[in-house]
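Counting starts at 1 for both ligands and their atoms, in listed order. All of these numbers come straight from a predicted model, not from anything done at the bench.
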Amino acid sequence: MESEEKRDLITLQDITDEELMRILSLAAKLKEELRAGRPQRYLPGKIIALLFQRPSTRTRVSFEVAIRHLGGDAIFLPWQQLQLSRGETIADTARVLDRYVDAIVARVASHRTLIELAENTRVPVINALSDRFHPCQAIGDLLTIWERFGTLKGIKLAYVGDGTNVCNSLLLACTKAGMDISVACPTGYEPDPEAVKWAFDNAARTGSTVIITDDPLSAVKDAHVIYTDTFMSMHIPEAEREKRMRDFVPRYQVRPELFEAARPDAVFMHCLPAHRGEEVVAEVIDGPRSIVWDQAENRLHVQKAILMFVFKAVPWA
Ligand code: CP
């Protein structure tokens with residue numbers, strides 16, 4: 001019997017390895033079903049708040065479309081237009097939204113805000129990106145890798161660049177799925193220590209390998225996937241740009257030469273938005289190895305599966 005306890009998705013450590021695989025299978029089925037033109041009204045009447053403190057293209061649009069395909073309704077709540085921007089607390093805002101909506105999808109500046117939202121609501125809260133984690137992105141990425149290679153176990157993802165929220169979530173996603181992950185960052189830009197600890201805990205259970213290094217060439221050796229993210233995440237002040245470009249470019253920029261050490265069939269992934277000439281050169285992101293548009297599409301299918309998971313509305317259990 002399913003527990004009556006509400007399900008949040010604040011980090012990937014909130015779900016079991018089996019639940020992650022179940023969300024991926026569900027997303028793959030929902031993708032097939034959409035392509036076949038079949039109706040997908042699995043969440044009729046559900047009203048979902050999208051509380052966004054930061055800009056978004058993919059996450060916002062894919063959640064809004066997913067909710068509509070599932071028969072629900074999305075209310076977009078820009079932070080600046082709520083009383084939050086005039087000092088109302090997140091706890092009070094959470095208690096109020098809890099009385100109106102069936103779930104909250106939130107993109108926030110501080111991860112602590114998500115925890116407060118989740119602690120003060122009875123409805124599910126989904127992390128649509130915080131300064132520390134981006135779980136929905138990493139689940140979509142796993143779906144894309146699974147489609148490309150037909151498996152996740154034993155696949156090696158090499159992440160090169162800044163140890164961002166996306167990197168933190170990939171560490172958790174890969175190690176929960178039995179993939180190997182190597183992260184190459186300059187000193188001072190390593191991933192979140194708690195994410196690294198959790199990744200090693202997961203790896204001990206699933207048999208994954210985790211490597212954190214400052215050497216991009218060793219990280220990409222025999223990799224199936226080379227992945228990067230912006231060097232200027234949304235919470236980084238513009239004043240840091242010059243120093244960051246010096247610290248990252250050219251050593252941590254994804255260029256064609258990096259693929260020479262990877263597998264011959266290696267692919268390039270990026271969560272987007274991309275900055276050509278900074279974390280990746282145009283020749284790679286616009287070249288034949290790039291699967292970034294499939295990756296972006298899969299956000300839609302995975303958002304549906306995540307919503308159905310938190311609402312315990314899984315038709316293929
Ligand atoms: N990758 C990602 O989260 O994109 P957006 O910031 O456009 O939502």
Determine whether the aromatic ring centres of residues H111 and F133 are separated by less than 6.0 angstrom. yes
In order of chain and number, which residues sit within 4.0 Å of ligand 1 by heavy atom? S56, T57, R58, T59, R107, H134, Q137, C271, L272, R299
Between E64 and R60, does the salt bridge (charged side-chain N to carboxylate O under 4.0 Å, His left out) criterion hold? Intermediate values first, please. CA-CA 6 Å; E64 288 205 24; R60 175 185 173 178; 2.9 Å; yes
Quick check: does any side chain N or O of K156 sit under 3.5 Å from a backbone N or O of R263, one acting as donor and the other as acceptor? no
Quick check: Y227 with F268 (ring centres under 6.0 Å apart)? no
Can you tell me which residue among Y159, F248, F231 is in a ring pair (Phe, Tyr, Trp, His ring centres under 6.0 Å) with Y189? F248
Using the side-chain contact (heavy atoms from CB on, under 4.5 Å) rule, pick out the option among D8, I104, L97 that qualifies with V123. I104
